[in-house]
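Residue numbers start from 1 in every chain, and the chains themselves are labelled A, B, ... in the order their sequence lines are given, proteins ahead of strands.
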Number of protein chains: 2
Amino acid sequence: MNTSLAIKNRSLHDQVVSRVRDLIIEGVLEPGSRIDEAHLIEELGVSRTPFREALRTLAAEGLLIVRPSKGSVVRKWTPDEVYSMLEVLGHLEKLAGELACQRATDAEIAELIDLHERMMGHYQSTDRLVYYKLNQEFHGRLTGLSKNDSLIEMQRILQARLKRIRYIGSQKKENWAGAVTDHEVMIEALKQRDGAALGAAMQSHLVNTWDRVKDSI
Amino acid sequence: MNTSLAIKNRSLHDQVVSRVRDLIIEGVLEPGSRIDEAHLIEELGVSRTPFREALRTLAAEGLLIVRPSKGSVVRKWTPDEVYSMLEVLGHLEKLAGELACQRATDAEIAELIDLHERMMGHYQSTDRLVYYKLNQEFHGRLTGLSKNDSLIEMQRILQARLKRIRYIGSQKKENWAGAVTDHEVMIEALKQRDGAALGAAMQSHLVNTWDRVKDSI
DNA sequence: GATCTGCATTTTGTATACAAACATAAAAAA
DNA sequence: TTTTTTATGTTTGTATACAAAATGCAGATC
């Protein structure tokens with residue numbers, strides 16, 4: 001019943017939060033749909049108290065909305081909201097790119113280049129899901145190289161909110177090719193430690209993301 | 001007992017969250033100190049369940065840390081963390097300034113100028129606390145003119161985390177004068193709708209903030 | 001047929017009880 | 001004296017019970 005909750009050394013709260021977060025991000029719980037407390041606590045094998053605490057955490061992360069006395073619903077983003085998130089995320093990743101060029105070690109850059117190569121492999125073999133997952137990791141890791149914890153945190157929150165939408169946007173073939181081109185430019189700038197170029201590339205990558213996803217929201 | 005919790009049309013959760021948030025921001029609950037559940041529950045006149053849900057929300061906002069089985073503590077920022085927050089906030093407010101110049105109406109700009117004038121009045125009369133409060137409002141309102149909800153939200157989170165620290169940093173007289181000069185530059189750029197200048201001014205304002213606060217962390 | 005009203009059912013919100021983990025301090029051993 | 005052990009009280013975590021609110025539906029009314 002509570003099979004996958006058996007990870008040790010993590011509080012029950014954290015486990016419930018990440019379980020439900022995954023259900024939202026993966027689309028098992030559809031945007032706009034109501035959270036069925038009774039059903040989910042049964043499924044997760046926890047009682048209402050920790051489950052509801054987890055809902056509060058997820059609401060603060062922006063993944064769902066708690067409507068007083070009317071239950072919680074999975075948050076559904078309007079096109080305007082998606083645009084605003086991409087606008088901010090693009091700006092944040094621009095900063096991340098600039099800082100990464102200043103602060104990353106050569107080894108860290110090499111690792112990221114390696115990750116990029118692996119992504120290219122999955123692009124060649126049209127392994128969409130693996131590419132998508134590595135792409136999330138790529139953006140997270142690159143932001144990590146900024147060595148700025150607040151930046152990393154804000155990027156992670158926005159990335160989590162956008163995950164579903166980006167997944168949908170990655171499903172058209174021509175979109176994918178465009179994203180890959182963007183990444184090539186980013187990697188080139190990172191190799192040269194050209195902060196301005198990397199920042200600009202990351203920002204325009206997210207502007208392009210809007211073009212790719214806007215029709216599927 | 002639960003006197004000030006009597007605001008209508010707000011869920012108990014929201015009321016507890018904002019009450020405790022205020023206690024943290026105002027420094028009644030000191031950074032690093034443990035949250036005395038029993039005591040605060042008594043004080044607020046609520047039971048543990050909604051109180052603990054509120055703690056989860058505040059933890060997600062970054063104002064406190066829940067240590068499993070060891071209680072919650074008011075989050076205490078390291079100098080590095082404060083620097084990282086200011087680095088991000090400066091960058092976000094730079095974007096806000098640029099967007100505000102594009103998207104704000106003339107009336108909105110006039111209102112902000114009016115707020116600025118009022119701040120100057122309180123600067124003249126060395127009314128530090130009022131100035132400080134209006135200053136928070138100024139930054140919030142200016143960010144609001146970006147018309148970007150995600151940006152507004154991220155700015156608010158960071159501003160809440162930094163509130164105490166900025167208050168401390170505003171206590172030296174020469175610091176205050178510097179901040180006022182920054183604001184003059186910002187208002188001038190806003191009047192001209194010069195996005196680049198306003199963005200740069202806002203960013204450098206936050207860089208200067210670091211200089212003002214760094215010794216009092 | 002459409003809308004309203006009242007009741008039963010379901011769902012949500014809060015309080016409380018119990019169990020588990022932790023902290024403290026006194027007693028025992030080294 | 002110092003360290004370890006054990007006992008005790010306190011705090012935290014979770015489950016559950018009860019109260020309040022919302023929802024759905026049947027019958028009444030227009």
message: Expected output is a numbered-order residue list: members of residues 28-38 of chain A with a heavy atom under 4.0 Å from any atom of DNA chain D. What is it?
response: none

- prompt: Can you list the residues that meet the side chain to side chain contact (heavy atoms under 4.5 Å, CB included) rule with A:Asp22, with sequence neighbours excluded?
  reply: A:Glu26

- request: May I have all residue pairs that pass side-chain hydrogen bond (donor to acceptor under 3.5 Å, both in side chains) and include part of residues 97-106 of chain B, sequence neighbours excluded?
  value: A:Glu87-B:Arg103, B:Thr105-B:Glu108, B:Asp106-B:Arg193

- request: Can you tell me which residue pairs pass the ring pair (Phe, Tyr, Trp, His ring centres under 6.0 Å) test with a partner in residues 147-174 of chain B, sequence neighbours excluded?
  value: B:Tyr132-B:Tyr167

message: If the condition is side chain to side chain contact (heavy atoms under 4.5 Å, CB included), which residues does A:Arg141 pass it with, not counting sequence neighbours?
response: A:Glu111, A:Leu112, A:Leu115, A:Glu137

- request: For B:Glu93, check salt bridge (Lys or Arg N to Asp or Glu O under 4.0 Å) against everything at least two apart and list the hits.
  value: none

- prompt: Base, backbone or nothing for each nucleotide of nucleotides 14-22 of chain D, written B, S, -, heavy atoms under 4.0 angstrom, 5' to 3'?
  reply: BBBB---SS

task: Enumerate the residue pairs fulfilling ring pair (Phe, Tyr, Trp, His ring centres under 6.0 Å) with a member in residues 87-116 of chain B, sequence neighbours excluded, ordered by first and then second residue.
output: A:His91-B:His91

Donor-acceptor pairs are to be reported for all side-chain atoms of residues 60-74 of chain A against protein atoms at under 3.5 Å, with residues two or more places apart or in another chain.
residue	atom	partner	partner atom	Å
A:Glu61	OE1	A:Arg21	NE	3.0
A:Glu61	OE1	A:Arg21	NH2	3.3
A:Glu61	OE2	A:Arg21	NH2	2.7
A:Arg67	NE	A:Lys70	O	3.4
A:Arg67	NE	A:Gly71	O	3.2
A:Arg67	NH2	A:Lys70	O	2.4

task: For the residue pair B:Tyr83 and B:Trp210, categorise the inter-ring angle as parallel (less than 30°), tilted (30 to 60°) or perpendicular (more than 60°).
output: perpendicular

field: Interatomic distance where CG belongs to B:Leu40 and C1' belongs to D:dT11 [whole Å]
entry: 14 Å

